[in-house]
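Okay, structure first, notes after.
Atoms within a ligand are numbered from 1 in the order they appear, just like the ligands themselves. A quick note: this is a predicted structure, and the numbers were derived from the prediction, not measured. Count residues from 1 along the sequence.
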Amino acid sequence: MKKGTLRPSLKLSLPPSDEVAFSKFLTESGTFMDGDLLVNRDGVRIVSQSQVETPPLIQPSDNQISLADFDAIKVIGKGNGGIVRLVQHKWTGQFFALKVIQMNIEESARKQIAQELKINQSSQCPYVVVCYQSFYDNGAISIILEYMDGGSLADFLKKVKNIPESYLSAICYQVLKGLSYLHHEMHIIHRDLKPSNLLVNHRGEVKITDFGVSAILQGTAGQANTFVGTYNYMSPERICGSKYGSRSDIWSLGLVLLECATGHFPYSPPQQGEGWTNVYELMETIVDQPPPCAPNNQFSPEFCSFISACLKKEPKDRQTANDLMMHPFIKMFKGVDIDLASYFTNAGSPLATF
Ligand code: ATP
Ligand code: MG
């Protein structure tokens, strides 16, 4: 089915006899669609195929949606915690991502987690992936998220190998806006900033996702025993178990950007060509060795300076998200038309379609 948005202009209530006539067309989901006509148990609506950019009907504040309102389209990703699916709202035709995290914990704890996720994520910041609803259902937490059709920066990097500085600057600016919102307005530390938690779409937007999730899941890890995160992007102070704050995310940002620019994770494993198999060895390297830096023969002085402003081992020496928005690496491409929409859509291979 093509992407479509409902124009709620026409809604007919069918007499019982007509309902019987229509029933033979109903799919398992209770929806029948033919051209512009959409029928389900609540009546008939005209669907516009052309108005794909109209604002979605379902708002984050909408508390009426339930899991039964969605049709599963396909699996779009797998993380350590669970599976992410593309789903479609039966009535409005809107697409969402449904993330399901298996949690074998008590109902009351799950209820609390779902509630916390909802509060944490019902943000209206354009640089943060919107969480529409969280459910606890069948031993799992289900989260309805804004669908980002370009997938994650990790997916994108696999296609393009590395990202040129001009695009990286525009990407970084959006991530900084999102981090500034989380750190300075919401007073939240992300705790799990990494390429797979930065999502992109065909409009050239970059948004942060999964903030707070790791904190909540780690908080219940004793009971849940399901969360296995990555230590790759963790700051030295977190690895050491010291008190840490929002600047821990800035360290992660530095590593993410350096990885995007060079095409490989900045800490090279002892054996060339092999990944880090021993997580303790990597953690020791992050804590004991000097931080990575951008090679100055391959990158601009502005980029090298930005990376070094993020990758200070001492958190107080790192700049904040607000500081970094004024950094020359961000400023040098301001005013230049950087078309991230085309870049995300065309680079590597075209974006996934339904
Ligand atoms: P971890 O479980 O360690 O956090 P992860 O971030 O890769 O790893 P998930 O958050 O479950 O795990 O996401 C898995 C993948 O699903 C992502 O890499 C991305 O490709 C896809 N994905 C997640 N959320 C969305 C979304 N809102 N829109 C589109 N794709 C998404
Ligand atoms: Mg994630």
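H184 meets the side chain to side chain contact (heavy atoms under 4.5 Å, CB included) test with S180, T320, A321, N322; sequence neighbours excluded. For the ring pair (Phe, Tyr, Trp, His ring centres under 6.0 Å) test, no residue two or more places apart in sequence or in another chain qualifies with H183.
Every atom of ligand 1 with a heavy atom of Y147 under 4.0 Å away is listed here by number and element: 28 (N), 29 (C). Every atom of ligand 1 is numbered from 1 in the order shown, and the set under 4.0 Å from a heavy atom of D155 is 19 (C), 20 (O). Annotation for ligand 1: atoms under 4.0 Å from non-hydrogen atoms of I76 are 29 (C), 30 (N). Close approach to A97 involves these atoms of ligand 1, each under 4.0 Å from a residue heavy atom: 26 (C), 27 (N), 28 (N).
Ring geometry, Y147 versus F95: the interplanar angle falls from 30° to 60°, so the pair is classed tilted.
Note that K331 lies outside the cation-pi zone of Y173, set by a 6.0 Å cut-off to the ring centre and a 45° limit from the axis.
An N or O contact shorter than 3.5 Å links E146 to ligand 1 by distance.
Compare L145, I143, L199 by their heavy atoms: the one nearest to atom 26 (C) of ligand 1 is in L199.
For the Mg ion (ligand 2), protein N/O/S neighbours under 2.8 Å (waters excluded) are N197 OD1, D210 OD2.
Each of Q88, Q94, K90 was compared with T92 under the side-chain hydrogen bond (donor to acceptor under 3.5 Å, both in side chains) criterion, and only Q94 meets it.
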Show the atom names and distances, to 0.1 Å, of all donor-acceptor pairs under 3.5 Å that link a side chain in residues 301-310 to residues at least two apart or in another chain.
| from | atom 1 | to | atom 2 | distance (Å) |
| --- | --- | --- | --- | --- |
| S305 | OG | H327 | NE2 | 2.8 |
| S308 | OG | K312 | NZ | 3.4 |

